[in-house]
Each structure stands twice: as C-alpha cells, then as structure tokens.
Amino acid sequence: QVQLLESGGGSVQPGGSLRLSCAASGDTFSTYTMGWFRQVPNKERQFVAAIRWRGGHVSYDDSVKGRFTISTDNTKKTMYLQMNSLTTEDTAVYYCAYGPYIILSAMSGQNMYKYWGQGTQVTVSS
C-alpha cells in the first residue's frame, strides 16, 4: 500500500499563487509516476500534470501550461505543484495520484494510477 498526504490547498485571489504538496509513503515503487488531477462538482476528474520519478518526464494539460509547474523532491518522496496566475477556472478539488511507470503519452489517464490522495480544495475568488 502507498499512502499519499496532500497539503497546500486554500483560497487565493485571481492572479495569485499556491503550492500543493503530496508526500508518498509506504510500499512505494522503485520507478513510479505521480500526477495531479482536479475535479469540480458534477464534472469528470480532469488531468492537470504528471511527472515520472526517474527520468523526470513531465506532462501538462494545455489549460495549465506556462502557469503550473510540477516537480519532485526525491529524498522526501514528495511531489509539488506550483500554481501561478490562478484564475477562477482553477477552482477545484485537487487530487494527488500515484502509479507505476507510465509512458509519457498515457500519463494523463487517471486509470493508469493505482493510489489516490484524499484531495485538497483550491478556491480562486475575488
């Protein structure tokens, strides 16, 4: 089992920034992929970004390219999502996801991930 602990959500005004963190613990894979997804009520969960632990390959949804940056701290087994220039459309519950090695073209598929965090609310409002 892998446990994921998310933190960093909150409320911010449009144009502001937030940084989300997701710490993995437990029986982690030697090579794995972590990602962020988000969901608003009555809508499908949407891919945001993902990163492969070894090799550093990253993938972003077009809606966040240039504004969000995904990164990892290998020693802490922690993934981060730096979110800048936030808009009201970024308001959602953000979920951390963890899975084995996933090829780059498939990193946006939520079915590829085996473990999920509880989610953290991000609210962008004036």
Side-chain angles (χ1 to χ4, degrees):
Q1 291 288 326
V2 173
Q3 293 78 45
L4 302 174
L5 181 62
E6 300 150 331
S7 61
S11 297
V12 65
Q13 293 185 339
S17 299
L18 282 174
R19 189 177 81 154
L20 305 182
S21 300
C22 176
S25 62
D27 191 17
T28 56
F29 301 120
S30 58
T31 302
Y32 46 95
T33 306
M34 293 186 75
W36 291 100
F37 291 76
R38 64 187 181 186
Q39 190 171 24
V40 298
N42 302 316
K43 288 194 175 180
E44 296 282 328
R45 192 171 295 183
Q46 175 193 14
F47 170 73
V48 176
I51 186 167
R52 192 182 302 151
W53 212 261
R54 298 180 186 271
H57 289 94
V58 298
S59 177
Y60 294 97
D61 183 76
D62 286 345
S63 65
V64 305
K65 279 181 181 177
R67 300 188 299 121
F68 291 11
T69 303
I70 191 170
S71 62
T72 61
D73 182 330
N74 291 340
T75 60
K76 297 181 180 179
K77 293 186 178 180
T78 300
M79 173 181 64
Y80 305 97
L81 185 68
Q82 178 65 43
M83 304 186 295
N84 299 328
S85 302
L86 285 161
T87 74
T88 56
E89 293 189 352
D90 295 315
T91 295
V93 177
Y94 284 71
Y95 294 92
C96 170
Y98 180 97
Y101 178 94
I102 302 173
I103 61 174
L104 188 60
S105 61
M107 287 168 74
S108 62
Q110 57 181 307
N111 292 335
M112 305 301 294
Y113 297 84
K114 187 172 182 179
Y115 298 100
W116 292 84
Q118 293 298 308
T120 185
Q121 177 70 46
V122 171
T123 301
V124 185
S125 173
S126 56

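- Expressed to the nearest 0.5 Å, how far CZ of R67 lies from OG1 of T87 amounts to 5.0 Å.
- For Q121, the side chain to side chain donor-acceptor pair (under 3.5 Å) partners at least two apart in sequence or on another chain are T123.
- Counting only heavy atoms from C-beta outward, the side chains of V124 and P14 approach each other to under 4.5 Å.
- Two residues are said to be in side-chain contact when any heavy atoms from C-beta on lie closer than 4.5 Å; S108 and D61 fail this criterion.
- Atom CG in L20 sits 8.0 Å away from atom CZ in F68 (nearest 0.5 Å).
- Using a 4.5 Å heavy-atom threshold, the side chains of Y32 and V2 count as separate.
- Residue G9 comes nearest to V122 through the heavy atom pair CA-CG2, 4.3 Å, listed as atom of the first residue, atom of the second, then distance.
- By the rule that hydrophobic residues join a cluster once side-chain heavy atoms approach within less than 4.5 Å of another member, V64 and V12 end up as members of one cluster.
- L4 and I102 fall into different hydrophobic clusters, defined by Ile, Leu, Val, Met, Phe, Trp and Tyr side-chain heavy atoms under 4.5 Å apart, directly or through other members.
- In this structure, S21 and T78 approach most closely via the heavy-atom pair CB-CG2, 4.3 Å.
- We find the CZ-CE distance between R38 and M83 to be 9.0 Å, quoted to the nearest 0.5 Å.
- K77 NZ to Y98 OH: the interatomic distance, rounded to the nearest 0.5 Å, is 7.0 Å.
- Side-chain contact between R52 and T33 is present, with at least one heavy-atom pair separated by less than 4.5 Å.
- Under the 4.5 Å side-chain contact rule for hydrophobic residues, V58 and V48 share a cluster.
- Residues L104 and S59 are in side-chain contact: their nearest non-hydrogen atoms beyond the backbone lie under 4.5 Å apart.
- In this structure, I70 and M34 approach most closely via the heavy-atom pair CD1-O, 4.2 Å.
- Contact record, S17 with S85: OG-N, 4.4 Å, taken as the closest heavy-atom pair.
- Side chains of M107 and Y113 form a contact here, defined as non-hydrogen atoms less than 4.5 Å apart.
- Screening Y94, Y95, W116 against F37 for a ring-ring contact (aromatic ring centres under 6.0 Å, His included) leaves a single residue, W116.
- Side-chain contact between S63 and E89 is absent, with no heavy-atom pair separated by less than 4.5 Å.
- Closest of all the heavy-atom pairs between E6 and C96 is OE2-N, 2.5 Å.
- In the hydrophobic cluster analysis, where Ile, Leu, Val, Met, Phe, Trp and Tyr join through side-chain heavy atoms closer than 4.5 angstrom, M79 is grouped apart from F47.
- When only modelled atom types and interatomic distance are considered, Q82 and R19 share no side-chain donor-acceptor pair under 3.5 Å.
- Note: T120 OG1 to L81 CG = 11.0 Å, rounded to the nearest 0.5 Å.
- A pairwise comparison of heavy atoms in I51 and S71 identifies CD1-CA, 4.1 Å as the closest pair.
- The CD atom of Q118 sits 11.0 Å away from the CD atom of Q3 when rounded to the nearest 0.5 Å.
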